[in-house]
Each structure stands twice: as C-alpha cells, then as structure tokens.
Amino acid sequence: MEKIIELISDEMKNAFEQAGYERELGKVTLSNRPDLCEYQCNGAMAGAKQYKKAPIMIANDVAAKLSDSSIFAKAEAVAPGFLNLTLKNEFVGAYVKKMRAEEKYGLEETTKPAKIVIDYGGPNVAKPLHVGHLRSAIIGESVKRIARYMGHNVIGDIHLGDWGQPMGLIMNELKIRKPDLVYFDDNYTGEYPAEPPFTISELEDIYPFASKRSKEDEAYKADAMACTYKLQSGVKGYRALWNHIIAVSVTDLKRNYERLNVAFDLWNGESAVHDLIPGMVDDMKKGGYAYVSEGALVVDVKEEADTKEIPPCMILKSDGAALYNTTDLATIMMRMETEKPDRIIYVVDKRQELYFDQVFRCARKTKLVKDDTELKFLGFGTMNGKDGKPFKTREGGVMRLESLIAEINEEMFRKIKESRDTSDDEAAATAQVVGLAALKYGDLSNQAVKDYIFDIDRFTSSEGDTGPYILYTIVRIKSILAKYRESGKDVQAVFSDIKAPVNDSEKQLMMQLARYNASIEAACEEYAPHKICAYIYDLANAFNHFYHETKILTEEDASRKAGWIALLALTRDVLETSIDLLGFSAPDRM
RNA sequence: GUCCUCGUAGCUCAGCUGGAUAGAGCACACGCCUCCUAAGCGUGGGGUCGGAAGUUCAAAUCUUCUCGGGGACGCCA
C-alpha cells in the first residue's frame, strides 16, 4: 500500500496546485518539532522567490485549501512560512487497520525484482572463525534477508578460501605427522577411505603450526609449495585428501554459522573456478586487454575522469601464478554463467575498496559482465575494543568467534538469573537467543562503513538502544497476548479490530507503525540495516510509552480492548518481522 | 606524496537529497511497582555539530581551504 508520507504529500501537493502553485512544492517531511506538529511542509519558503511572494502568504493560501481535508486535523501556516500538520485520528487508525490486513504490513515488494548474488562470509577452510569474520556474516545476512523480503531473488554465496597455499601447508604437515596415509602413496590404486584421517580440532591445530614454521624454514616451505602444486595439478591422493579437508571444515563452519543464524545458498570456493582461469586469461590476452608489465600480466583500468592513480589490475604474478584478483574475476565469470545475476554485492572489509574497484573495472572492460550488471562494494569498518583499537583478547591475540559468543551468552545468563527465578536450562536457552540479539544489534545499529566499539556491557544491557531492549518489548507484548488468550479470548478473532486512537501515546504508536514500509524500503535501497534498528528502537519506545499509560487487560469497554489487542498483535508482528530481517529472533519469555 | 574516510554532549552513536530551539542512549541527579514482565517508564542538567571562508532568505547538512584520527596506494587479500 502507499506509504503514509506519500498520502500526506499528495494531499499537500493537491492543495498547492489548487492554490495556484507548483505541485512539487507540497513535499511533506516528518516534523522536526514534535511539540508543534506531526508532519511539516516547507514548500512555501522554497517557492517564495519563484512567486515573488512572502512565504507566509503562500502558506496561508495553501492552508486555506486544507480546511476540510480528510487527512489533516490541523494544517496551519506559521511564520516565516512553515505548514504545520497534525493528522486526523481516524486517518491514522484507518491506515494502521489496513496495514493489519496486509501480508507484509503495508510493504510493497519491488516492481523490478533483480537477481542478486551476495558475496559474504569469506572464511578459510581449516581455520576457525574469528571476530574478523563476524561483520561480513552479520551484515551480509541482514542485507540478504532485506533484499529477499523486498521481493528480489537473492543468492548468498560464502566464497570459501579453499585453494591456495594454506592447503599445501596443511597437507605437507599432515604428511610429516602421518606419513603412512595412503593419500601420499603415489603407487596406491585402490579406493580412498570414506572417513577423514583427522578431526576438525587436529586440522585447526595443524594450520597455524605449519604457517608459522613455513616462515622460518625454507625447505619446509618448499615442500608445502610442492604439495600445493600436486593438489592443483590434480594428483589423485591429494585431491582425495583435500576433499576430506573441505568436508570436515565445511561441516564445522556450517555448525558455527548456524549458531549465528547465518545461512548460505552456495558454498562455492576459490577451487570452483580454478579450471576456468586459463581460458579467462587467454581471452583477456586475445581481446587485447591484458599485457605484460614489469613481468606480470595486467589489465589497465584507469579512466579519464579519475582524480587519483588507479594501478592496473593484476591478472597473473610475474611467476605466472594466479592471485586473488584472478579468482575473483573468474568467480564473476562463473556467476554470470550460472546465476546470471543483475547485481553482485560484496560485503567485505572497507580497506579492500580500491582492490575491488580495480576488479570491477577489469570485469567491465573485459566484458565479463553485461553493461547493466551492477557490481556493488559494501565495505564495513573494523570492530574495535573499548580502547578504540582492533578487538583483541586480553592476551592480545585474535579472538575466536566461539569464545566471543560464549562470553556474551555467559553475561546474558547472569543477567537472566539475576532478574528472574528460572531453571538453569531455560535461562541458558534464553541467554543464547538474547545473546545473539545483543551481538547482532550491537553491530547492525551502527552504519556498516564505520568502525565501531564492541562493548559487551553496553550490548547486553536492556537499557537503551540495544537488542535485549527490543526483545524485552516483544516479550512484554507476547505476555499480554498470552494472558488475553488465557482469559478465553481469541486474538485472531479481533485481528482487524484496530480503531482510531483514543489517546496521544496510542496515536504515536500507530504513526510509528505506519512508517514500517518506508523504513524497510529505505534500508533495502541503501543497504542500511541500521535504519531498521533505528526504526524498531523508536517503535519499541512508542510501545513502551503506550504500555505505561494504558491498562489494556483491565479495560472494560470490550470493543476498545479488542482494538488494543489487535494493535499489540500488529506491533509484535512488525517487530518480529523486523528483527528477522536483522537475523535474530525473540524468546517467549525472558 | 596522492587519494579515500571519519571528526556532533564526559562516553557510544543517530541526523547529512539544506529549513523553526541539533536528537537518542549510557553515565550523573531525582521521581514512579496493592495494576498486563521495574530487563520498564518519567523529569532534570549537559553541545559555538574539529576550525575558517563561501553559496543561500535559511548550513551539522552543499563547495573550497585547514587541523586531527584511521585507511588505501602492481606481484597479500
């Protein structure tokens, strides 16, 4: 359905037109002086010059046309030329009642559905997830859900790091630790075992060990590189072993991402495009795009309009080896063939902006993508500790994601036990749900591009702009609805009983609900989950204010009570749908 | 050196397609549970929006310069 701001603007534009002024001057915005009015229009001042008239005269002319408006209870012209607007209660009530009847509470899906691939997550196999992987997962997941909700066809691709030097390091070290494995026997011709010859914890132990040693030991490093080569050139045993590494690692990654309520549609890795690289490189040479510079194969990506130096995009290193640019470009090529996306969004650290700019330009220049394929870089800032520096453990190391989550859950558990008498089991289960909300809301409520400070005390607090506060509000509503049901009434029966508001806090709540479709749409267009956070925070505030002023269950007027129950149910639905778009959920009790 | 980005209350952040007294939260000081979860609600103090100039009837918002933090700048990603 049409956004409430548009209905209001249309009414105002009509008035401008009727009064003999340009229609577009009637644009209405949310009031920045809530003490004076609910919405405002500044068009009279913008039009003063054009019509050579004092703004207040224009405003008066327009206000006169609105005296019998079905939308405005009050439309007054105020010096120097503001039009201050107050909505009719009936109008607000009717709008919200209509929202209730719609599947997506008044949100209209996009009229131009696009096929979108979102590249996020980006973990490496055989390495545990750490806090550096957190933002990509959280933001990417939310952006994916929002776009999908808006009606786009969205594919989430994890883009696994599963192919380069790390694989050789692991295999080489494995060869040293378990030399008798059949995978290393070049003369072995039988079937390889189905069971992997290692566990995930062994794997996670091997990589850092091998990585460290390779930096100190040249011969060791050479052996590892030989292993990488054997893998990449398709030696059977190495391929089989590699499959085990991937399988064990992916199982573990899936478990960890699941805990974060993050899910990918595609688990492709760099390995998936390995075979495409030679052909792609050939095409770039044949097309006259790629040439040798300083020993390396590069494609120029400078453009006329550039104000800065853009170095060429490197396709092959001077030793002939592929690098990340190569796999990223080949991945674009593969996606264009298989998914045929209209848009590819990369949710990665903002420091990679220049790098991706080069890759995008190169992809465009070499015709890997169509002219109208949109390549979007969605960069995010660093998660910092309280000292403003990149987040570290107390010992100064990189914190594992599991540890971070455990720490939050512990804190949540403590808070639950403090405030309520519940069993340890229930408290632990609730702590997980609320903890995830604390973590994700803490991240998403900031603009993605900015660095932010991770503060466990602040994020887990139920005071202020936090996940737990939002969840607490939902739980309160659920509790009232549950009690209503217990009294033998049916919430569903009063589903659409919403009426015009009878007091100010109810009206405020309704007007906030009415902004739902505009908020979600803006969040989608701008890839800005933080706008949803801001919206639901305002909504939760509006509800809690209403809650304190209104005794709902003890209301004697049955019709009025039914209207409130319907309003509460709508508020709950809007809040729960919104947090689902952010990637977390609410418990029934907390 | 070049380019990008950020600088708003003691702290953490909104607002930035220009509009009336710059908003939240935390912290601080008060007040509110015979009543639907007080993990809540309300009241109060606190800011020359880093600085300067310009455009405009109107600038936190646009332009230029400047200071400060962070970042990027061909064989890492």
Side-chain angles (χ1 to χ4, degrees), chain A residues 29 31-37 40-43 45-46 48-49 54-55 78-82 84 122 161 164-165 293-298 306-321 323-325 327-328 348-359 379 381-382 384 386 388-389 412 415-416 418-420 434 442 445-447 449-453 455 457-466 468-469 471-473 475-484 530-531 533-534 537-538 540-541 544-555 564 568 589-590:
Chain A
T29 59
S31 169
N32 57 17
R33 289 291 305 273
D35 52 320
L36 300 178
C37 58
Q40 64 178 327
C41 171
N42 306 324
M45 288 180 290
K49 194 171 253 180
V78 178
F82 293 103
N84 287 352
Q165 190 60 21
S293 161
E294 294 174 32
L297 190 71
V298 301
D306 286 342
T307 54
K308 58 177 172 180
E309 278 294 308
I310 305 268
C313 182
M314 191 172 294
I315 308 299
L316 293 177
K317 297 198 278 189
S318 45
D319 65 359
L323 61 168
Y324 245 90
N325 305 41
T327 45
D328 272 326
V348 287
D349 190 301
K350 68 178 174 189
R351 283 173 294 195
Q352 295 183 28
E353 183 158 21
L354 174 61
Y355 164 76
F356 272 98
D357 199 14
Q358 295 178 73
V359 170
T382 318
N384 290 330
K386 270 185 172 176
K389 293 181 183 144
M412 256 6 287
K415 285 192 162 127
I416 291 165
E418 217 169 61
S419 68
R420 259 187 110 72
V434 184
S445 56
N446 298 288
Q447 291 184 62
V449 286
K450 290 195 177 180
D451 295 347
Y452 79 102
I453 292 182
D455 181 342
D457 295 327
R458 187 160 72 81
F459 291 178
T460 59
S461 167
S462 60
E463 288 174 54
D465 191 7
T466 69
Y469 173 76
L471 296 197
Y472 180 71
T473 306
V475 165
R476 273 181 147 179
I477 299 176
K478 284 184 174 179
S479 172
I480 296 175
L481 295 177
K483 287 216 160 61
Y484 185 73
H530 83 276
K531 297 215 163 181
C533 293
Y537 179 58
D538 285 344
N541 271 329
N544 281 318
H545 189 72
F546 170 69
Y547 172 92
H548 274 272
E549 290 199 348
T550 318
K551 292 287 160 283
I552 296 155
L553 290 175
T554 53
E555 172 60 38
W564 283 340
L568 257 58
R589 301 199 303 156
M590 65 186 271

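With rounding to whole Å, A:Asn384 atom CG is found 16 Å from B:G69 atom P. The distance between atom CZ of A:Phe546 and atom C1' of B:C36, rounded to the nearest whole Å, is 11 Å.
With both pairing distances under 3.5 Å, B:G46 is matched to nothing as a Watson-Crick or G-U wobble pair. The base-pairing partner of B:U2, taking Watson-Crick or G-U wobble contacts with both distances under 3.5 Å, is B:A72. Across all strands shown, B:A9 remains unpaired; no Watson-Crick or G-U wobble contact has both distances below 3.5 Å. Base pairing of B:U55: no nucleotide in any strand meets the Watson-Crick or G-U wobble criterion (both distances under 3.5 Å). With a 3.5 Å ceiling on both atom-pair distances, B:C33 lacks any Watson-Crick or G-U wobble partner. Figure legend. B:A22 is base-paired to no nucleotide; pairs are counted as Watson-Crick or G-U wobble with both atom distances under 3.5 Å.
Rounding to the nearest 0.5 Å places CZ of A:Phe82 at 4.0 Å from CE of A:Met45. Interatomic distance, A:Met590 CE to A:Lys478 NZ, rounded to the nearest 0.5 Å: 11.0 Å. To the nearest 0.5 Å, atom CG of residue A:Asp349 and atom OG1 of residue A:Thr382 are 5.5 Å apart.
A glycosidic torsion no more than 90° from 0 defines the syn conformation; B:C13 lies beyond that range and is anti. B:G15 shows a glycosidic angle more than 90° from 0 and is accordingly assigned anti.
Nucleotides B:C11 and B:U17, compared at atom P, are 27 Å apart to the nearest Å. Nucleotides B:G50 and B:U61 are separated by 16 Å at their C1' atoms, to the nearest Å. Taking the P atoms as reference points, B:G44 lies 16 Å from B:A22, given to the whole Å. On the C1' atoms, B:C30 is 39 Å away from B:G68, given to the nearest whole Å. Annotation: B:G45 and B:G10 have their C1' atoms spaced 13 Å apart (nearest Å). Taking atom P in both B:A77 and B:C65, the straight-line distance is 36 Å, to the nearest Å. Annotation: B:A24 and B:A9 have their P atoms spaced 15 Å apart (nearest Å). Comparing the C1' positions of B:A38 and B:C32 gives a spacing of 9 Å, expressed to the nearest Å.
Heavy atoms of A:Thr550 sit under 4.0 angstrom from at least one base atom. Nucleic acid contact for A:Lys483: sugar-phosphate only, since backbone atoms but no base atoms lie under 4.0 Å from a heavy atom of the residue. A:Tyr547 comes within 4.0 angstrom of a nucleotide base, judged by non-hydrogen atoms across all strands.
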(request) Before giving the answer on side chain to side chain contact (heavy atoms under 4.5 Å, CB included), spell out for A:Ile310 and A:Gln358 the whole-Å C-alpha distance, their side-chain angles and the decisive distance to 0.1 Å. (result) CA-CA 7 Å; A:Ile310 305 268; A:Gln358 295 178 73; 4.1 Å; yes
(request) Given side chain to side chain contact (heavy atoms under 4.5 Å, CB included), test A:Thr29 with A:Gln40 step by step and report yes or no. (result) CA-CA 5 Å; A:Thr29 59; A:Gln40 64 178 327; 3.5 Å; yes
(request) Please test A:Lys389 against A:Asn384 for side chain to side chain contact (heavy atoms under 4.5 Å, CB included), starting from the C-alpha separation and ending with a verdict. (result) CA-CA 5 Å; A:Lys389 293 181 183 144; A:Asn384 290 330; 5.5 Å; no
(message) Could you walk me through whether A:Val434 and A:Thr460 satisfy the side chain to side chain contact (heavy atoms under 4.5 Å, CB included) test, starting with their C-alpha distance in whole Å, then the side-chain angles of each, then the deciding distance to 0.1 Å, before giving a yes or no?
(response) CA-CA 8 Å; A:Val434 184; A:Thr460 59; over 6 Å; no
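Each of A:Lys49 and A:Ser479 was matched to the nucleotide of RNA chain B holding its nearest heavy atom; the match closer to the 5' end belongs to A:Ser479.
A heavy-atom distance below 4.5 Å is found between the side chains of A:Asn541 and A:Tyr469.
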(message) Using a 4.0 Å heavy-atom cut-off to protein, can you give one letter per nucleotide of nucleotides 4-20 of chain B, 5' to 3': B if the base is in contact, S if only the sugar-phosphate is, - if neither?
(response) --SS----SSSS---BB
(message) Output one letter per nucleotide in nucleotides 72-77 of chain B: B when a protein non-hydrogen atom lies under 4.0 Å from the base, S when only the sugar-phosphate is that close, - when neither is.
(response) SSBBSB
(message) Output one letter per nucleotide in nucleotides 41-48 of chain B: B when a protein non-hydrogen atom lies under 4.0 Å from the base, S when only the sugar-phosphate is that close, - when neither is.
(response) SS------
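Aromatic ring orientation, A:Trp564 versus A:Phe546: perpendicular (interplanar angle above 60°, classes split at 30° and 60°).
Side chain to side chain, A:Thr473 and A:Asn544 meet the donor-acceptor criterion of an N or O pair below 3.5 Å.
Looking at A:Thr466, its side chain does come within 3.5 Å of a backbone N or O of A:Ser461 through a donor-acceptor pair.
For A:Thr382 and B:G71, the shortest distance from a side-chain N or O to OP1 or OP2 is not below 4.0 Å.
Nearest heavy-atom pair, A:Ile477 versus A:Leu568, reported as atom, atom and distance to 0.1 Å: CG2-O, 3.4 Å. Shortest non-hydrogen contact noted between A:Pro80 and A:Pro55 is O-CB, 3.3 Å.
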